[in-house]
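Here's the structure, in C-alpha cells; my notes come after.
Letters go in sequence order (proteins before strands), and every chain restarts at 1.
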2 protein chains.
Amino acid sequence: MNGEENKIYNVLIADDHQMFVDGLKALLRKEKNIQIAGEVSNGADALQAIIKKQPDLLITDISMPGLSGVELTREVKSRYPEVKILVLSMYNDREIVSEILMSEAEGYILKNTGRQELSNAISRILGNSTYYSNEVLNIMMTRIKRQKKAEKNTSLLTARETEIIKLIMEEYSSEEIAEKLFISKRTVDTHRKNIIQKTNTRTLVGLLKFAIENNLAEINQ
Amino acid sequence: MNGEENKIYNVLIADDHQMFVDGLKALLRKEKNIQIAGEVSNGADALQAIIKKQPDLLITDISMPGLSGVELTREVKSRYPEVKILVLSMYNDREIVSEILMSEAEGYILKNTGRQELSNAISRILGNSTYYSNEVLNIMMTRIKRQKKAEKNTSLLTARETEIIKLIMEEYSSEEIAEKLFISKRTVDTHRKNIIQKTNTRTLVGLLKFAIENNLAEINQ
DNA sequence: GACCGAATACCTAAAAATCTGTATATTCTA
DNA sequence: TAGAATATACAGATTTTTAGGTATTCGGTC
C-alpha cells in the first residue's frame, strides 16, 4: 500500500450476517497489513467499538438492526471523520446508492465482489482514495445521464410552461388553469401551443408521455 | 430432519464468490447430517460434479460465469430431477425471482439470510418440502396482487375498448382509429364514452394514467 | 326462443382544444 | 440602452372531443 508498507491497518467489521463475516474474515486474513480489530452486528455496537479500538477502516453492511449502515456512516463521519468507511452491501438499487454517496463513505462495493476487487478497494481507500465498484458507478452514470437528458428537455421550457404542463397532468382544463393562475384562458392556450411546439409532440397523449419521461408527472406503478 | 435422522446428506455448492463459499461452508460444517460433497464456481462444472458425486442438494448462486444459476437449475431438473436445489442469491428483483420460480427449484433465499433460516431452509428442502424466504414471498405476493388489480380494472373493458385505449395511447385520433379498425368514427366515439364511464376517469389525461397504471401502455423510463 | 352484452352506428348539441395569426408589456442580458 | 426572451392577451376559425341519448344486429348463454 502507498507510503507506509509496514503499517498495520485495523479494520472493524459491522455486519449481522455471520456467513458474510466469516467469508470476509477469511479473505482479510490473507491480506498483509490488515488486522481485524473486531466485528459487530449492529450500528450501536459499531460506534462503541470505534471509540474503543479506533480502527483505520470500517467495513459495514447497510441493513442492520437498529442503526442502518447509512446512519452509521453519517454518524461516524460526523464524529470520527478520520475513520474510513467501505460499504459492503447486497443492495444495488438507486435510492440506497445515492444515500451512501451522500454520506461520504470512501467506498461502496457489492457483496458479490471477488477477493481481488475487495483487496483493491481496501488498498485504495486506505491509500486515501475512493473505490466504487463498476455496478455502483454504472448506476451513478445512468442516473446522471438521465437527469441531464431530462434537464435538457425541460430546459427548453420556461417556468410558466412547466407549471402549465404540471397542471395539465393534474387534469385541469385550460379554463381551470386560467382560474388557478389568475391569467386569461387565451394565455393558457398560447402556452399550450408553445409547449406542443417545443416538446416536438403533436398530441396531448404525446405531451403526457414527454412529461412522465422527463419527471414532470408521476404515475403510480 | 424428517424420517431419516441418521442419514448424511451430500451437498454441492455452486458459487463463484469465494467469500460466500467460505462463509457458507463454515455454516454448513456446523450442521449435523450435512456433508459438503464439493464446490464449484460455474454451471458447467456443477453439472460434471452432479454426475460424479450425485448430491442430494445443490446450493447454487444465480450469476456465475457461463451457465447461470437459472439455466443450471433448469438443466439439473430436466436431467437429474431427484437432486434438490436451493438458490442462494443476492438478487431480489422480480424478473429473476420469477425465472427461478418457473425453474422448479425447491427453494430460493437471499444471501443476507441468517444461519438459522438457512439451516431451516435446507431441512425443509431435504425433507421434501420447499422454502422461500419472506422477501421472495413478498415479491411474489406483490406481483400477484398487482396483476390481479390490473386484471380487475381491465376486465371491466371489452376487447374492443382495450384496443381503442391502446390506439389512443399511440396518439391516434378518433378518426384515425376509425380508419384503422374499419369502423365508423361514431362507433369510436361511443367506445370512448363508455371507456371513460367504466374507468371512472373524467379526462383524457385521467384515462392515460389509468392505461399506464394498468399496463395498457408503456412509458420509457 | 328469450335475454343479455358487445359492437356497431347514428342524432343534436355543447364544450374544449387546436390552429394561425397579431400585439403589448416586462424582465433580463450584453 | 438596445435587443431578445418571456409572459401576457386577443382575434376568428376549425377541429376534435364530450355529452346524453336512441337504435339495430350479432353472438353467446340459459
Side-chain angles (χ1 to χ4, degrees), chain A residues 148 150-217 219, chain B residues 148 150-217 219:
Chain A
K148 279 192 167 184
E151 275 172 23
K152 185 189 174 197
N153 284 341
T154 58
S155 73
L156 303 169
L157 300 166
T158 67
R160 200 56 146 175
E161 287 165 347
T162 300
E163 192 171 15
I164 300 282
I165 292 176
K166 286 177 173 175
L167 291 172
I168 291 171
M169 295 308 133
E170 285 174 38
E171 301 182 58
Y172 288 82
S173 67
S174 290
E175 182 153 348
E176 287 165 341
I177 293 170
E179 284 170 20
K180 189 174 173 67
L181 299 181
F182 303 103
I183 59 180
S184 166
K185 180 190 175 286
R186 299 289 203 165
T187 304
V188 178
D189 289 343
T190 302
H191 283 309
R192 288 181 77 134
K193 177 167 50 103
N194 294 335
I195 286 165
I196 291 291
Q197 279 180 345
K198 285 183 175 181
T199 56
N200 284 324
T201 57
R202 62 179 186 90
T203 64
L204 180 56
V205 172
L207 179 60
L208 171 70
K209 290 179 177 178
F210 175 96
I212 292 169
E213 285 162 10
N214 291 283
N215 302 323
L216 294 176
I219 291 290
Chain B
K148 277 189 166 185
E151 275 172 22
K152 184 189 173 197
N153 285 341
T154 58
S155 73
L156 304 168
L157 300 167
T158 66
R160 200 57 145 174
E161 286 164 348
T162 298
E163 191 170 14
I164 301 283
I165 291 176
K166 287 178 174 175
L167 291 172
I168 292 170
M169 289 299 294
E170 287 175 36
E171 298 183 60
Y172 288 82
S173 68
S174 291
E175 182 151 351
E176 289 165 340
I177 293 170
E179 284 170 21
K180 188 173 173 68
L181 299 181
F182 305 103
I183 60 179
S184 166
K185 181 188 175 290
R186 305 290 205 162
T187 303
V188 178
D189 290 343
T190 303
H191 283 309
R192 289 181 76 134
K193 181 164 49 102
N194 293 337
I195 286 165
I196 291 292
Q197 278 179 345
K198 285 183 175 181
T199 57
N200 282 324
T201 57
R202 60 178 187 90
T203 65
L204 182 57
V205 174
L207 176 61
L208 302 187
K209 289 180 176 177
F210 174 96
I212 292 168
E213 285 162 10
N214 292 283
N215 304 321
L216 294 175
I219 290 291

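- Along DNA chain C, the nucleotide closest to B/L181 and the one closest to A/Y172 are compared, and the more 5′ of them pairs with B/L181.
- Going from atom OG1 of A/T187 over to atom CD1 of A/I177 covers 12.0 Å, rounded to the nearest 0.5 Å.
- B/I164 places its CD1 atom 11 Å from the P atom of C/dA9, with the value rounded to the nearest Å.
- Whole-Å rounding puts the B/R202 CZ to D/dT17 P distance at 18 Å.
- When A/K185, A/R192, A/R186 are each tested for a side chain to side chain donor-acceptor pair (under 3.5 Å) with A/D189, only one passes: A/K185.
- In this structure, the CG atom of A/L204 is 12 Å from the P atom of C/dC19, given to the nearest Å.
- We find the CG-CG distance between B/L208 and A/L208 to be 5.0 Å, quoted to the nearest 0.5 Å.
- Separating the CD atom in B/E161 from the OG1 atom in B/T158 is a distance of 3.5 Å, to the nearest 0.5 Å.
- Of the side-chain N and O atoms in A/H191, one or more sit less than 4.0 angstrom from OP1 or OP2 of D/dT8.
- Both A/E175 and B/N194 lie close to DNA chain C; mapped to their nearest nucleotides by heavy-atom distance, the more 5′-ward contact belongs to B/N194.
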Listing time: all N or O pairs from protein to nucleotides 10-12 of chain C that are below 3.5 Å?
residue	atom	partner	partner atom	Å
C/dC10	OP2	B/S184	OG	2.9
C/dC10	N4	B/T190	OG1	3.0
C/dC11	OP2	B/R186	NH2	3.3

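- Closest heavy-atom contact between B/S184 and B/A178: C-CB, 3.8 Å.
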